[in-house]
Number of protein chains: 2
Amino acid sequence: MTTISDGEEIVFEQPCPIRDVLDRIGNQWSLLILEALAPGTLRFNALMREIGDISKQMLSRTLKQLEQDGFITRTLYPEVPPRVEYALTDLGRSFLEPMQQLVAWAESHHRAIVEARTRYQANPEQR
Amino acid sequence: MTTISDGEEIVFEQPCPIRDVLDRIGNQWSLLILEALAPGTLRFNALMREIGDISKQMLSRTLKQLEQDGFITRTLYPEVPPRVEYALTDLGRSFLEPMQQLVAWAESHHRAIVEARTRYQANPEQR
DNA sequence: CCGTATCCACTTCGATACTG
DNA sequence: CAGTATCGAAGTGGATACGG
């Protein structure tokens, strides 16, 4: 498993592809960022607004990860004030499809899950 | 996630379905357990052996979550020694499909991701 | 055999203040 | 505008010992 302390050296040592990929994109922020970038390029603060309740620290960290893993590109325009644009790469776009399948599943089965939880709580039998 | 509607009343929304679902099954253990149960019913220790490097505490916790969310069933046979069998529910099985799409994506793009990381480390330009 | 309880190390995340 | 540095709070996961 990899650790991501700020800017420190990062060691890759993950034999299992599924674990490796899911460690990175399995968290809510990565998915939400990729979704936000699906329609097109966005700037840092635009992403903040789009996602809503992410701190800029988490946004910054997660963007760096996604860039590092090749899901997005970061383009700096050396203007004043600076402008930075984030966009999906081909790899990032290719990930959108399985991801949206998952999102669709989540949406259509969310009610069933909530109901299962309610049932579980209602029946504290031999637990 | 909280939203502030006009005025100052704070509304606690039902969590976003995607976040809700991903918080539960987004971790490696849940996915690995569901994969392990895909071929059929398994007992606790069989699951331990199948997954390999999970502690029984994490296995126990994650199984309980999955049961609570309706992905799996837990059947206790009151024998001596006790026997407990875990199996997928219909909901759990229905999740297998989008999940395996994701797994397939992870496997076929893992190399590209690793290469992207290598490139990133090799080019510490304006970072 | 199938767990739970307890304790502890390690991460992760958010808030805040600061920089170019 | 687009971040980074620092700090503390909260969460997560493992090891171990014990219970049914």
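Numbers restart at 1 for each chain; the letters A, B, ... are given by sequence-line order, proteins then strands. We use all heavy atoms of the structure for the numbers below, so side chains are in, but hydrogens, waters and symmetry mates are not.
In this structure, CD1 of B:I54 is placed 7 Å from P of D:dG14, rounded to the nearest angstrom. Between B:I51 atom CD1 and D:dG14 atom P there is a gap of 12 Å when expressed in whole angstrom units. Atom pair B:L63:CG and C:dC1:C1' shows a separation of 15 Å (rounding to whole Å applied). Separating the CE atom of A:M58 from the P atom of D:dA9 is a distance of 19 Å, rounded to the nearest angstrom. The distance from atom CG of B:L32 to atom P of D:dG13 is 12 Å, rounded to the nearest whole Å. If you take CG of A:L76 and C1' of D:dT4, they are 15 Å apart, rounded to a whole angstrom. Between the CD atom of B:Q28 and the P atom of C:dT11 there is a distance of 14 Å, given to the nearest Å. Atom CD in B:Q65 sits about 13 Å away from atom P in C:dT4, given to the nearest Å.
Within the structure, every side-chain polar atom (N or O) of B:N27 is placed at least 4.0 Å from both OP1 and OP2 of D:dT12. Applying the 4.0 Å criterion to OP1 and OP2 of D:dT4, one finds that A:S60 has a side-chain N or O inside that range. The side chain of A:R83 places no N or O atom within less than 4.0 Å of a non-bridging phosphate oxygen (OP1 or OP2) of D:dA2.
A distance of 7.5 Å separates CG of B:L63 from CD1 of B:I54, quoted to the nearest 0.5 Å. Separation of atoms OG1 (A:T89) and CZ (A:F95) is listed at 11.5 Å; rounding is to 0.5 Å. Rounded to the nearest 0.5 angstrom, A:T118 OG1 and B:Q68 CD are separated by 9.5 Å. Atoms OG1 and CD, on B:T73 and B:E85 in that order, are 9.0 Å from each other to the nearest 0.5 Å. The distance from the CG atom of A:L96 to the CD atom of A:E35 is 8.0 Å, given to the nearest 0.5 Å. The OG1 atom of B:T75 sits 12.0 Å away from the CZ atom of B:R43 when rounded to the nearest 0.5 Å.
For B:K64, the side-chain atoms get nearest to C:dT4 when compared with the rest of D:dT4, C:dT4, D:dC1.
One end of the helix from C:dC1-D:dG20 to C:dG20-D:dC1 points its axis 40° away from the other end's axis, with each axis taken from 5 pairs and the angle rounded to 10°.
With a 6.0 Å radius and a threshold of 12 heavy atoms from other residues, nucleotides or ligands, B:E97 has its CD atom at or below the threshold.
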Could you pull out the protein-nucleic contacts involving nucleotides 15-20 of chain C (nitrogen or oxygen on both sides, under 3.5 Å)?
| residue | atom | partner | partner atom | Å |
| --- | --- | --- | --- | --- |
| C:dA15 | N6 | A:Q57 | NE2 | 2.6 |

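Looking at heavy-atom distances under 4.0 Å, A:Y86 makes contact with sugar-phosphate atoms alone, never a base.
Using cut-offs of 30° and 60° for the angle between ring planes, the B:Y86 and B:F44 rings count as tilted.
B:L47 pairs in a side chain to side chain contact (heavy atoms under 4.5 Å, CB included) with only one of the listed residues (B:L59, B:V84, B:T62), which is B:L59.
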